[in-house]
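Accompanying notes for the structure given below.
Every chain is numbered from 1, with letters handed out A, B, ... down the list of sequences.
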Amino acid sequence: MSNDKLSLFNTLTGSVEPVRTIEDGKLRFYSCGPTVYSYAHIGNFRSFLTADLIVRTARALGWEVDYVTNVTDVGHLTDDDLADASGEDRMAKALKSDEGRRFANVYDLARYYTEVLLDDWHSLNLIEPTVRPRATEHIRQQIEAVEHLVEQGIAYETEKGVYFDISRFPDYGKLSGNRDAENLEQAVRDVVQDEEKRNARDFALWKKDPGHLMQWYSPWGWGFPGWHIECSVMSMEYLGEQIDIHAGGEDLIFPHHECEIAQSESISRKTFANHWVHTRFLQVEGEKMSKSKGNFFTVRDLIATPDEGGRGVDPMALRLALISGQYRKPYNFTFETLKASMKHVERLRSAFETARGGLDAADGPDRVGDRLADLRSSMLAAMLDDLNTPSAIAAAIEGAKLIQGLGENLNASSARSALDFLQSASSLLGIPYHDQEAEDPSASASHDPLETRVEELLRQRATARESKDFERADQIREELDEMGIEVMDGPGGSSWRRKTEI
RNA sequence: GGUGACGUGGCCGAGUGGUUAGGCAAAGGUCUGCAAAACCUUGUACGGCGGUUCGAUUCCGCCCGUCACCUCCA
């Protein structure tokens, strides 16, 4: 393991290799974003978190990062294209669903789910990309790319659309290993049918469809772009013809990324992306996450308060839980892990409070600096080693325990080392110590009737405790418990929080 | 059928050719009016069968199991 090189598994070569940036000290990075036809779920976010951690780790190395992640706001075809030749897409489907009826049209729906995506993005403290391009805002570039491919004789037009001619790209299959044409053709799945396609593997660059809910005028008439072309185009627009890393979920390896390579490299005649990084799907409680199994969770399902129908999970606990398995291994998301993550987040926060408190203490010899510096380098080393988050988190927790262990004895210079350490853990893992939104409810003045009631009861309880009326104090504790409030007594008085529903 | 991963103690998960990951949970203890937090103590695992080796959980082969993709998917 190298000390200052970021190594990642490269799907293209099948091995972990150092990321060698095209330009020294600068990372050009594209990460595939979601289609916004519904609420993003925790599996989506596991993949976005991988991208986030790549950016954080690269920055920790002092690299400048150009980070582009898109929003796919064009509906693409569903697999019952055969049954519905008019070309119903995911968004059109969503619009007809119970959830989607309230939207006036498909643009309205896309706009709503994009906003929600960004809310969740902020809740989980994901880094803002340098650019967040939307497919619908780059239609012209997509049309031009397709035109270029047609001019080169690499793409051809039929009655139904424009297709990429696989036979013109011998490297097709280099990413996924799906090189065997016959196999693909005899796959059990039905493929998009067009009698005029020259090769069953040829994929759509443009679909002619005057009935599609989103359509644009092109040299081939009214229609909409193929799914893969948007990422090629947006990546080239903002990062240039060649990039260092391209990332996404493992399901995107084929066909999406395979097709992106074919298109992009046919256009530029250069290697599109040097490093391909894919995040594995997660399972929930040992099973595939699916609505029918009742183990399907969106971010908001978990972080919304119980009054809002959620489970009141601290967003940072959710974030930590989602990164507590390495991105490249199958990960079993469980509520046990989520509970453990809550403890970890609290532990980090309280270490931070301890450290901050120690700044005002008398000065003295720094008793933790060296050990924390070691832990900090092993934390970074773990991340550089193919984003070994479990190992990095272990180092962060160990540091927090070390700081907590000093407690009252923390002097000012130890406190400064402690804060240094905690701050680098925070920026590397993306776990801030100040709640961005859910500030400690007991500390904030609020007009929430529940909070007013809680404060009142706590005052009564404090009085009862002062006069040693513990029976009354416990009674109030119980009453609050029934209201979903947990009370914690400390040396400086009592604090409280909403209990979570997990 | 094809391609690619993965299988570690009750659970989540590092790691390694011979010496303790870590966390959560559990049990006992210290502290605290109660509760929480914190701290201390306890617990020896690597799917199966072969092979290489002085020695394999770690390398090799086969098998079993799980997951993903094979034109909707993070």
With sugar-phosphate meaning primed atoms plus P, OP1 and OP2, does A:Arg46 contact a base, only sugar-phosphate, or nothing at under 4.0 Å between heavy atoms? nothing

Take atom CG of A:Asp386 and atom P of B:rA5, then tell me their distance rounded to the nearest Å. 13 Å

Please determine whether any donor N or O and acceptor N or O are separated by less than 3.5 Å between the side chain of A:Asn332 and the base of B:rG13. no

Quick one about A:Ser264 and A:Ser232 (side-chain donor to acceptor, distance below 3.5 Å, no hydrogens or angles considered), yes or no? yes

Check the phosphate of B:rA25 against A:Lys343, side-chain N and O only, distance under 4.0 Å to OP1 or OP2. Yes or no? yes

P gap between B:rG9 and B:rU58, integer Å: 15 Å

Stacking between A:Phe281 and the base of B:rA74 (centre distance under 5.5 Å, interplanar angle under 30°)? yes

Expressed as a whole number of angstroms, how long is the span from A:Glu287:CD to B:rC11:C1'? 16 Å

Report the residue (A:Gly14 or A:Leu282) whose heavy-atom-nearest nucleotide on RNA chain B is the more 5′ of the two. A:Gly14

Base, sugar-phosphate alone, or nothing: which one does A:Glu346 contact when heavy atoms must sit under 4.0 Å apart? nothing

Under 4.0 angstrom, heavy atoms only, what part of the nucleic acid is A:Phe45 near: base, sugar-phosphate, or nothing? nothing

Are the side chain of A:Asn10 and the backbone N or O of A:Trp276 linked by a donor-acceptor pair below 3.5 Å? yes

Within the pair A:Trp496 and B:rA36, is there a side-chain N or O less than 4.0 Å away from OP1 or OP2? no

Considering heavy-atom distances to RNA chain B, does A:Asn44 or A:Thr334 have its closest nucleotide positioned more toward the 5' end? A:Thr334

Distance below 4.0 Å between A:Lys401 side-chain N/O and B:rG23 OP1 or OP2: yes

Could you check whether A:His344 gets within reach of a base, just the sugar-phosphate, or nothing at all, counting any heavy atom under 4.0 Å? sugar-phosphate

In whole angstroms, how far is the C1' atom of B:rC6 from the CZ atom of A:Phe9? 12 Å

Is there a donor N/O on one and an acceptor N/O on the other, under 3.5 Å, for the side chain of A:Arg280 and the base of B:rA68? no

How close or far is atom P of B:rC73 from atom CZ of A:Phe48, stated in whole angstroms? 13 Å

A:Arg497 CZ to B:rA35 C1', in whole Å, measures 11 Å

Using a heavy-atom cut-off of 4.0 Å across all strands, would you classify A:Leu252 as base, sugar-phosphate, or nothing? sugar-phosphate

Whole-angstrom distance between B:rU57 and B:rG13, as gauged at atom C1': 15 Å

Rounded to whole Å, the CZ-P distance (A:Phe254 to B:rC72) equals 11 Å

Any base atoms under 4.0 Å from A:Gly43, or only sugar-phosphate, or nothing? Heavy atoms, all strands. base

Closer than 4.0 Å, any side-chain N/O of A:Arg347 to the OP1 or OP2 of B:rA38? yes

Which part of the nucleic acid does A:Thr337 contact within heavy-atom distance under 4.0 Å: base, sugar-phosphate only, or nothing? sugar-phosphate

Record whether the side chain of A:Arg90 comes under 3.5 Å of the base of B:rC73 through a donor-acceptor pair of N or O atoms. no

Should B:rG9 form a Watson-Crick or G-U wobble pair with both distances under 3.5 Å, which nucleotide is its partner? none

